[in-house]
Amino acid sequence: MPLTILNTDLLPGRNFIAGTWMEAEDGAVFAVSDPATGKDFASVPDSSAGDARRAVDAADTAFASWRKVPARQRALIIKRWNDLILANLDDLGRLISREQGKPLAEGKGEVAYAASYVEWFGEEATRADGDIIAAPVTGRRMFALREPVGVVAAITPWNFPAAMIARKIAPALAAGCTVVCKPAEDTPLTSLALVRLAEQAGVPPGVLNIVTASRQQAAHVADVWLDDPRVRKITFTGSTPVGKLLARRSADTLKKLSLELGGNAPFIVFEDADLEAAVEGLMVAKFRNGGQTCVCPNRVYVHQDVHDDFVSRLTTRVQALVVGPASDPASQIGPMINTRAVEKIDRHVRDAVEKGAHIVTGGHRLEPGSGAPAHYYAPTILTGVQASMACACEETFGPVVPISCFGDEADVIRQANDTPFGLAAYFYSRDVRRIWRVTDALETGIVGVNEGAVAAESAPFGGVKDSGYGREGSRHGLEEYMHIKYVCQGQLD
Ligand SMILES: NC(=O)c1ccc[n+]([C@@H]2O[C@H](COP(=O)([O-])OP(=O)(O)OC[C@H]3O[C@@H](n4cnc5c(N)ncnc54)[C@H](O)[C@@H]3O)[C@@H](O)[C@H]2O)c1
Ligand SMILES: O=C[C@H](O)CS(=O)(=O)O
């Protein structure tokens, strides 16, 4: 089934600055390829410092007026944007699957997920109330006003090209901020399409600006935004190393930061778990987007009393997974995003086997017959995994389930927390006292208890430790784009 985009208006293929679609200043472009075929199918501007600066100029100019637009009017524009996204759900889903590779059902699911954040912040826009504070003396009135921080720079990853940018742009606009954004070089088209729809929804010129850049140019674009004092906020989703770099580089202009970074989620199955529920939860959490999600279980710990039964049940499910391109409706596991990604997955499996792990199923790259690049990897289960193995220390970001056996609750909690990361953790138990002991002990920003699908627009999404800080979604998500001004008025008696 071809992943053809019917509404070609969704493919502007250019930067959007100050309400105008334009090429990069030097006319440079870079190609966008289909992970399933390795073939280029589009090109977008390869922006440089001048484009980045022009985008900040536009956002800075627009901020003075946009911040004064009444919240309810901002809310109406954001809700119109949500309506347009949903009206183009099928095309946007095909676009995501074409450039990122995820199965079409997941591509369309991501569009609905992205729209849920837009809808949510269309509502939150009208709730950015302040406080009236009880004065300690007569003749004084005291207030806490919530104000937009100003120009926001958003930099996003490739694995959820719609949802990650939507959950940044929507709250920023809702708060009254203006935005410059740069999507990942592997998946720029979806972001450009969403900005196109925001334009059609009535977002005024300069309020929302997007520039695309290759991996080589990304740092040059970001450096302009990092050094410019007019940029008051950086919101970043991506790897921990890049997040730390942005934090260091933004210190000189003291920008507000939201960093949604890497993960290394533990998934613990206790002896009292509902094993069928645990298998289902792991299948959902692990194999969504082929394991290319920041909250997917990267380490699986199964109690010795249920280990063999759990592995047997899981193996049956994993071996039934269908691997293939998004153009095949039967596909459940798509290609990995690029060669670098699939080579990392294979390195992790090789390392684990060399250190004594056992391959229960999978454990190899898949060579599609059509001569396409080998971006596919077989859904894999490893047992006998040890903490020293790369798959337990690093984020694999692929369809690999590394299983370790444990016997003691305190010890498995120690193992779960023995990582610099702290984004998500999952565990299955039916003992209510254990549930709260373990929930309290886990060092993560997100905990799934007897549940593998935790993301929702109404929930505060984010991590601790090397997984970053800040929250996206929920009522907390708007705070990231606002600051508080305290007003004290005297001489009133
Ligand atoms: N916590 C979350 O919500 C979340 C969500 C999705 C992905 N991630 C993480 O992102 C990583 C995978 O995504 P990725 O490969 O796109 O991450 P990445 O850090 O390589 O790239 C993310 C973005 O940063 C840009 N970038 C890269 N180098 C840069 C530099 N030197 N200066 C400025 N910008 C730069 C890229 O162009 C891209 O737009 C994983 O670690 C995953 O866990 C986290
Ligand atoms: O990859 C990271 C995403 O944030 C995962 S989710 O879609 O928000 O669960």
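On a predicted model such as this, the values are computed, not experimentally measured, just so you know. In each ligand, atom 1 is the first atom listed, and ligand 1 is the first ligand listed.
Distances from atom 2 (C) of ligand 1 to the heavy atoms of P188, C294, A219, G262 show the closest one on C294. For the residues P161, S239, P157, the heavy atom positioned nearest atom 17 (O) of ligand 1 is part of S239. For atom 41 (O) of ligand 1, the nearest non-hydrogen atom from the set E395, Q292, E472, Q217 belongs to E395.
Looking at atom 25 (C) of ligand 1, its nearest protein heavy atom turns out to be I155 CG2, 3.8 Å. Protein heavy atom nearest atom 8 (O) of ligand 2, with residue, atom name and distance: Y113 OH, 2.8 Å. Protein heavy atom nearest atom 5 (C) of ligand 1, with residue, atom name and distance: T237 CG2, 3.1 Å. The protein non-hydrogen atom at the shortest distance from atom 34 (N) of ligand 1 is V242 CG1, 4.1 Å. When only non-hydrogen protein atoms are considered, atom 33 (C) of ligand 1 lies nearest to A222 CB, 3.4 Å. Looking only at heavy atoms of the protein, atom 24 (O) of ligand 1 is closest to F236 CE1, 3.3 Å. Given atom 7 (O) of ligand 2, the protein heavy atom at minimum distance is R288 NH2, 2.5 Å. Atom 38 (C) of ligand 1 has as its closest protein heavy atom T156 O, 3.3 Å. Among protein heavy atoms, atom 4 (O) of ligand 2 sits closest to R167 NH2, 2.9 Å. Atom 2 (C) of ligand 2 has C294 SG, 2.3 Å as its closest protein atom, hydrogens excluded (heavy atom only). With respect to atom 21 (O) of ligand 1, the closest heavy atom belonging to the protein is R215 NH1, 4.2 Å.
Between the CD1 atom in I234 and the CD1 atom in I155 there is a gap of 5.5 Å [rounded to 0.5 Å].
Considering backbone and side-chain atoms alike, E185 places an N or O below 3.5 Å from some N or O of ligand 1. Checking only distances, W158 does come within under 3.5 Å of ligand 1, N or O to N or O. Looking at ligand 1, you won't find any N or O of F397 less than 3.5 Å from one of its N or O atoms. Note: an N/O pair closer than 3.5 Å links G238 and ligand 1 by distance alone.
A salt bridge is absent between R288 and E106: the closest approach of a Lys/Arg side-chain nitrogen to an acidic carboxylate oxygen does not fall below 4.0 angstrom. Ion pairing between R347 and E394 holds under the 4.0 Å rule for side-chain N and carboxylate O. A salt bridge is absent between R215 and D186; no separation between the charged side-chain nitrogens and carboxylate oxygens falls under 4.0 Å. One finds no salt bridge joining R340 and E343 here, because no Lys/Arg side-chain nitrogen approaches an Asp/Glu carboxylate oxygen to under 4.0 Å.
Residues F427 and Y301 place their aromatic rings such that the two centres sit no closer than 6.0 Å.
Each of R53, H220, E25, Q217 was checked for a side-chain hydrogen bond (donor to acceptor under 3.5 Å, both in side chains) with S48, and the lone residue meeting it is E25. With E480 as the partner, the salt bridge (charged side-chain N to carboxylate O under 4.0 Å, His left out) test is satisfied by one option alone out of K256, K233, R167, R232: K233. Screening K39, R98, R94 for a salt bridge (charged side-chain N to carboxylate O under 4.0 Å, His left out) involving D34 leaves a single residue, R98.
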Applying side chain to side chain contact (heavy atoms under 4.5 Å, CB included) to W225 and V211, what does each step give before you reach the verdict? CA-CA 12 Å; W225 295 346; V211 297; 3.8 Å; yes
Test log, rule side chain to side chain contact (heavy atoms under 4.5 Å, CB included), inputs M336 and K344: CA-CA 11 Å; M336 301 298 105; K344 175 182 180 184; over 6 Å; no
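Side-chain N/O atoms of K182 and S47 include no donor and acceptor closer than 3.5 Å. Remark: the Q386 side chain and the S388 side chain contain no N/O donor-acceptor pair separated by less than 3.5 Å.
No more than 12 heavy-atom neighbours from other residues, nucleotides or ligands sit within 6.0 angstrom of CZ on R475.
Taking the six-membered ring where tryptophan is involved, the planes of Y117 and Y113 are perpendicular, since the angle between them exceeds 60° and thus also 30°.
Looking at L261 against ligand 1, only its backbone comes within 4.0 Å, counting heavy atoms. Residue contacts with ligand 2, taken as heavy atom pairs separated by less than 4.0 Å, do not involve Q292 at all.
Per-residue contacts place T293 under 4.0 angstrom from the following atoms of ligand 2 (heavy atoms of the residue considered): 1 (O). Annotation for ligand 2: atoms under 4.0 Å from non-hydrogen atoms of N159 are 1 (O), 2 (C). Listed by number with element, the atoms of ligand 1 under 4.0 Å from a non-hydrogen atom of N159 are 6 (C), 7 (C).
Heavy-atom separations between R167 and ligand 1 include at least one value shorter than 4.0 Å. In this structure, F461 has a heavy atom closer than 4.0 Å to ligand 1. Residue contacts with ligand 1: P183 is included, with a non-hydrogen atom under 4.0 Å away.
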